[in-house]
Amino acid sequence: MEPVVHLSGVVAVLGGFPVLAGADLDVERGEILLLRGPNGAGKTSLLRLCAGLLPVERGEAIVLGHDIAADRTAARHRVGLLGHANGLYADLSVADNVAFWGATAGATQQEVAASLDRMGLSGRLAKVPVARLSAGQRRRTALACLVARRAELWLLDEPHAGLDAAGRDDLDATLREAAAAGATVMVASHELERAGALAHRVVDIVGGQVRE
Amino acid sequence: MPDLSPVSIARPTGTRVSRVLGIASLVGIVWLVVFGLFLSPNDATQKAGVRILYIHVPSAWLAYLAFIVTGISSAAYLFKRTRSLTWDRIAGASAEVGVLFMGVTLVSGSLWGRISWGIYWTWDSRLTTTAFLFVTYIGYLAVRGLGGTHQQRARRSAIIALLATLEVPLVHFSVKWWRPLHQQESVAEGKLNGLMLFTLFVGIIAFTLLYVWLVLHRQRVLAMEDALDDQGLDTALAERRAEGAQI
Amino acid sequence: MLASMGVSEQTPYVIISYVVTLGGIAVFAWRMLARARKIAPQVSEEDRPWT
Amino acid sequence: MSTWRIARLIAAKDLRIELRSRVVTNQVLPFAALVMVMFAFALDNDNVLTRVAPGLVWLATMFSMLVLVQRSFAVESADGALDALQVAGVRPAGIFLGKSMALAAQLAVLEVVLLLAAIVLYQAEVAWSGAVLLVTTFVAATTGLAFVGTLYGGLAAGAKGRETLLPLLMLPVVAPVLIGATRATEAAFGTNGASSSEGWPWIGLLALFAALFGTGGTLAFGSLIDE
């Protein structure tokens, strides 16, 4: 079967600096892959490249059957990214945010409600503006948005950061469910114990390259 | 006389053709100064003021031509079959030269207005459009400096240049209708005698050659700067890979 | 020089307009060529197809 | 998802943010009113004020619009939402049209307030015969301004020094709207003895302007916001 993500000799540049220096990586469908490595190794860039935010300077990059080196917008609607930023609107309530991001992917009201439930955000908390939430609660809201979008490829950058124990359990369970349902998950994390138990496979990112 | 000697210093971006162009435009400028300041007579009504026109009219004409070239090159870049960063660099080089020419045009025009009309500025449609064009293309150059990859820069600035090109007629007509009783456009071409017309003609030739020479060189400097970025990437890539090998 | 032009109160305006125009272009050209000379040694031959 | 549906979704989201945060009501509108009062201080003569009232209304609109556009894209870039919209595969044309619609709605409120300020503070007189022209002018000018604001706001959104880049890019471009809308409003007001028939040709200019930037933005917005 064709891999969901296929990178071969990928070079990507940010502000003149080669954040990725010839990365090779294949990720299979249904896999949970952990990316680990020191700060500045290129984990975030790899995820942003797969999401079509960072252009491919050289090399071959296929995501979900789309050649994103030729057109990096091609695969976007089937990809979900949780980056360092949460992508939330601070003035809107939790429920409004999840409803908006769900709607961009055509989610129904039931699906939005289920996503809120999944991340423990239903009830009183749903009506609170994001601006008043703690960092962990914002992370939960962003995850609920991601769940509502039902992406085929999940890209998560330090998803555990800021979450409490219950939040981490919810996150891990959600990722396992998604992978079992056929989604592919790529996680960049420093929480090696936690994410290592979750992942099917671990790769190291060093100096903008991937080591198995 | 300003020092323009292209022969001695043009080597990095010079070729035989550009050297011939450079010498020709330099000779043209010298001719223009000789004819414009000394040999041509004073005008009956404008007196010495007419001498400003010998540089004002050519620089204005070339400024407009420069922006037309920017518009055409931008369209050529956006058109898939002719997509090449060379078009983008020609557009950028031409806009820079255009802003330069338009800047000096506004200065020489104001000085001419001061001695012919007694005022530095009037809200005549031609002047106002020119001033807007000047500011618009300064904005275009700012957009070119926004960063990103070469292709991103090229796409973004090509779109802005095309929008600017389409907007110029709107500005022109709105200003024209805004002031229906605008100043007579009194460059008075009909009243110039033979030697005056010849001087103006020399000016237009000299400035056209100068424009081509400037854009040719500037475009090559931009190409070298782009190439330098790409070369920097190769060294940086090697360093980045070595950083991986250490661990 | 001034005699041949017929010196008048207009003369300074004429001179200034010539100096600004030609001087402005000269400064631009000079800086452009200086930049070219500075970076040319760092750029390889094949990136300078005109040479 | 169709471009039109995504545009409505984004416009509704922007307007809801505005209803919750009240930045326009609590900050931009008072700022605009303040500008009108400052004009009165600077042009301390009732006669002058009445004569130039239409121009001042549109000038205040342009300045306040800069604040509105900055705000419209600050909301998107504060927490990476603009990136998220792109990753979500939302069509740039949809983002452009949606944000333009929301901006147009906010501009419309702003313009009504400025118009009332001109009537109250500057003794501008609106004749009923000019009402149709006046409404048409406001609709055409607002559409064009919303398109231009969104186009250049999106371009400047990710840039360094966006606060200064936006006015540099936008103000020269909106000059035809300032001229056209001012002349058409003068005709509608009957300022300086202008008759309302003089206003209609300007509507054509405003419509052409809106069409140019509406088309340009719909086609090219993706390339402009892509970092």
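All heavy atoms count here, side chains included; hydrogens, waters and symmetry mates do not. The sequence lines fix the lettering, A, B, ..., with proteins before strands; numbering per chain opens at 1.
- Of all the listed residues (C/P41, C/A34, C/P12, C/A40), the one sharing the greatest number of non-hydrogen pairs under 4.5 Å with chain B is C/A40.
- Each of B/L111, B/I55, B/D226 has some count of heavy-atom pairs under 4.5 Å with chain C, and the biggest count is that of B/I55.
- Put simply, of C/I16, C/V19, C/I39, the one with the most heavy-atom pairs under 4.5 Å next to chain B is C/I39.
- Scanning both residues, C/A29 and B/L214, for their nearest heavy atoms gives CB-CD2, 3.9 Å.
- C/I25 approaches B/F207 most closely through the heavy-atom pair CD1-CE2, 3.8 Å.
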For this session: Carefully, step by step, assess B/V33 and C/L22 under the rule side-chain contact (heavy atoms from CB on, under 4.5 Å).
Result: CA-CA 10 Å; B/V33 171; C/L22 299 178; 3.7 Å; yes
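- For the residue pair B/H217 and C/M32, the shortest heavy atom distance occurs at CB-CE, 3.2 Å.
- B/S94 meets the side-chain hydrogen bond (donor to acceptor under 3.5 Å, both in side chains) test with B/Y211; sequence neighbours excluded.
- The contact between B/V107 and chain C is made entirely by side chain atoms (from C-beta outward), counting heavy-atom distances below 4.5 Å.
- Here C/S17 contributes atom OG and B/I115 contributes atom CD1; the two are 7.5 Å apart, rounded to the nearest 0.5 Å.
- Nearest approach of B/L100 to C/G24, heavy atoms of both residues: CD1-O, 3.7 Å.
- When the candidates B/R220, B/E225, B/R218 are compared by the number of heavy-atom contacts under 4.5 Å with chain C, B/R220 comes out ahead.
- B/M224 approaches C/V43 most closely through the heavy-atom pair O-CG2, 3.7 Å.
- Between B/R114 and C/Y13 the shortest heavy-atom distance is CG-CE2, 3.5 Å.
- Every residue meeting the side-chain hydrogen bond (donor to acceptor under 3.5 Å, both in side chains) condition with B/T130, not counting sequence neighbours, appears here in chain and number order: B/Y64.
- At a 4.5 Å heavy-atom cutoff, the contact between C/F28 and chain B is made by side-chain atoms alone.
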